[in-house]
Amino acid sequence: MLPANPQNFDDLHARFAWNLPARFNIGTACSDIVAQRHPDRPAIIEFAEGQRSATSFGDLARRSTRLAAALAAHGIGRGDRIAIMVPQSADAAIVHLATYKLGAIAVPLATQFGPDAIAYRLRTSGARAFVAFGKGIARARARETGALDKLDLVAEAGAPSNKAGALETLIATGGPDFAPVDTVPDDPAMMLFTSGTTGQPKGTLHGHRVLLGHLPGIELAQNFMPQAGDVFWTPSDWAWAGGLLNALLPALCHGVPVVAALAPKFEPVWALEVMKRCAVTNVFLPPTALRMILGGGGTATEELSLRVIGTAGEALGRQTHQRAMDMFGVPVNEFYGQTECNAMLANCAALGINRPGAMGKPVPGHEVAILRPDGSHADPGESGEVAVKAPDPVQFLGYWNDEAATRAKYRDGWLLTGDSGRMDADGYFHFVGRMDDVITSSGYRIGPSEIEDCLAAHPDVEMAAVIGKPDPVRTEIVAAFVKLRDGVTGDEARKRAIAAFVKTRLSAHEYPREINFVESIPLTESGKVIRRHFRSG
Ligand code: ATP
Ligand code: MG
């Protein structure tokens, strides 16, 4: 946790120390410990079909303990994997907390996943239990994937629709006296799968310490959460690092109520409705969600109670940052991380750390640097690989069952992110691109995100993806795939106009020499542009 009342950012750094406790369990930290002080405070506010209903911290603590007892009675315990595919709800939080209290490993699955995605994760993790909403269980059974064969327990959350035991019954059969397992910060707590933007999603194992490791970054990006009256929401599925570790768990750990509302498909009007009706003050919105809201017509935002927007997961871009500030009238704090090592760079407008288009500055507790290929530190302005010094509590324990990949992630005591970035003279870090996405053209190293941000600011463009296309003369040329807004026709004149737009705003070497109009831009389930789709033709 950050020290109170810092004078400025340097003071914050100077006074920060990790001081990890000898014992730490995410389940008790996010329920029992808060419930001792605030038993009746709402922990989860469910919002569905216009209705709100709250589960208190006291109830969250009691119900998760009962569920842990029931799971233990089924022989499930320390180190066992429990796959969780439950939409944002009090139930989803309870299953997570019970898993941690049990010393077991949560394997969250996003609710959009289809049969193959579910089977891949159940198989890879070797899960013993699967707690899911009805559709998840139906999809797991839909094809002969054998996904459920190896499981010892399947429980259904919500109204029963399958021949699985009901989660509710399981909770009711658990006794109230289960003592949470006394975990140490390094004991494994969760296995999060990466977004799969660059290839097959990787199972990333984290210790209980990961929550403590996240707190400073999230507190900064949320302009010093907790404040009295804070209410948190994210449209991200709690299955992603973004939903779980940037939103749900830090908020609960700080006694901040979390709104549970997850639409099958993200809708800007619905998102504004959730924020309005639930008086949301703090939100984590991935850039895609933010861009969709900005493109959605801009409903009256003065009725919102927002005090800050945190965003991460992709480059936000200067233009989107400005438009979001204009629309919402609150600070937009971009931060940066990856499933393996998250929230180590952040902006914090409350401390004057707020550079549009930048990922932020190193958060207290994390040493972040730009390294050259030979491991030496790059100069300010020079691009290189973003790296984070080990040890660091926010870093993962390793890829599941893949020691070689884990080893390859580190070099000389630094975790390598695989992202290219640069630091400016004021110490702000800027994203250039994923190492694999960086375009080499006529001797320049060009990141696609800045060009995509610029393209998206063109009035005719809805979304764009930019890649490097092999070229005999220039090594690569900048090629753009552009989805036009409805009703706009894509002809050669439009291509020239769009290219000129980028040329005048960015620079002559960055404008797309090739523009292709496409019907859609493929996104990962977590809403990231899959550039490799265009690269493979
Ligand atoms: P996979 O590793 O499976 O290909 P992924 O890297 O997209 O998928 P995540 O761990 O969800 O999976 O995403 C982390 C990545 O997202 C970072 O490595 C970086 O490329 C990108 N990212 C996160 N925050 C930012 C940011 N503020 N600006 C630019 N890129 C960001
Ligand atoms: Mg990655």
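Whatever order the structure lists them in is the order used to number ligands and atoms, beginning at 1.
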Participant: If you have a sec, work out which protein heavy atom is nearest atom 10 (O) of ligand 1 and how many Å separate them, to one decimal?
Facilitator: Thr339 OG1, 2.5 Å
Participant: Looking only at side-chain N and O atoms, does His208 offer a donor or acceptor that is under 3.5 Å from a partner on Asp187?
Facilitator: no
Participant: Do Thr204 and Met191 touch side chain to side chain, with heavy atoms closer than 4.5 Å?
Facilitator: no
Participant: Report the nearest protein non-hydrogen atom to atom 4 (O) of ligand 1: residue, atom name, distance rounded to 0.1 Å.
Facilitator: Thr198 OG1, 2.4 Å
Participant: May I ask you to decide whether Asp116 forms a salt bridge with Arg123, counting only side-chain N to carboxylate O separations under 4.0 Å?
Facilitator: no
Participant: Could you tell me whether Phe431 and ligand 1 have an N or O pair separated by under 3.5 Å?
Facilitator: no
Participant: Taking C-beta and beyond as the side chain, do Leu215 and Cys253 meet within less than 4.5 Å on heavy atoms?
Facilitator: yes
Participant: Between ligand 1 and Gly196, can you find any atom pair, the residue atom being a heavy atom, that is separated by under 4.0 Å?
Facilitator: yes
Participant: Out of Asp419, Val386, Asp437, indicate the one that has the non-hydrogen atom closest to atom 17 (C) of ligand 1.
Facilitator: Asp419
Participant: Supply the atom-to-atom distance Ser195 OG to Gln338 CD, rounded to the nearest 0.5 angstrom.
Facilitator: 10.5 Å
Participant: Is the Trp233 ring parallel, tilted or perpendicular to the Trp270 ring (thresholds 30°, 60°)?
Facilitator: perpendicular
Participant: Considering only protein heavy atoms, which is closest to atom 7 (O) of ligand 1, and at what distance to one decimal place?
Facilitator: Thr197 OG1, 2.5 Å
Participant: State if Gly337 counts as touching ligand 1 under the rule of any non-hydrogen atom under 4.0 Å.
Facilitator: yes
Participant: Which ligand 1 atoms are under 4.0 Å away from a heavy-atom of Ala315?
Facilitator: 28 (N), 29 (C), 30 (N)
Participant: Atom CZ of Arg505 and atom CG of Leu455: how far apart are they, to the nearest 0.5 Å?
Facilitator: 11.0 Å
Participant: Can you list the ligand 1 atoms lying under 4.0 Å from a non-hydrogen atom of Lys202?
Facilitator: 1 (P), 2 (O), 3 (O)
Participant: Please report whether ligand 1 has a polar contact with Thr194, defined as an N or O pair separated by less than 3.5 Å (distance criterion only).
Facilitator: yes
Participant: Does an N or O from Phe335, backbone or side chain, lie closer than 3.5 Å to an N or O of ligand 1?
Facilitator: yes
Participant: Is it true that Trp240 lies under 4.0 Å from ligand 1, counting heavy atoms only?
Facilitator: no
Participant: I'd like the name of whichever of Met435, Lys528, Gln338 reaches closest to atom 16 (O) of ligand 1 through any heavy atom.
Facilitator: Lys528
Participant: Starting from atom 26 (C) of ligand 1, find the nearest protein heavy-atom neighbour and note its residue, name and distance.
Facilitator: Glu314 O, 3.3 Å
Participant: Can you tell me if Tyr444 and Glu510 form a side-chain donor-acceptor pair at under 3.5 Å?
Facilitator: no
Participant: Around atom 6 (O) of ligand 1, find the nearest protein heavy atom and jot down its residue, atom name and distance.
Facilitator: Arg434 NH1, 2.9 Å
Participant: Starting from atom 24 (N) of ligand 1, find the nearest protein heavy-atom neighbour and note its residue, name and distance.
Facilitator: Gly313 N, 3.0 Å
Participant: How are the rings of His96 and Tyr100 set to each other: parallel, tilted or perpendicular (split at 30° and 60°)?
Facilitator: tilted
Participant: Can you name the nearest heavy-atom pair linking Gly243 to Thr234, along with the distance?
Facilitator: CA-CG2, 4.1 Å
Participant: Looking only at N/O atoms, are Thr417 and ligand 1 under 3.5 Å apart anywhere?
Facilitator: no
Participant: Ignoring angles and geometry beyond distance, decide whether Ser195 reaches within less than 3.5 Å of ligand 1 through its nitrogen or oxygen atoms.
Facilitator: yes
Participant: Can you list the atoms of ligand 1 that are under 4.0 Å from a heavy atom of Glu334?
Facilitator: 26 (C), 27 (N), 28 (N)
Participant: Within this structure, what is the CD1-CG distance for the pair Ile26 and Leu252, rounded to the nearest 0.5 Å?
Facilitator: 11.0 Å
Participant: Do the ring planes of His458 and Phe501 sit parallel (below 30°), tilted (30 to 60°) or perpendicular (above 60°)?
Facilitator: perpendicular
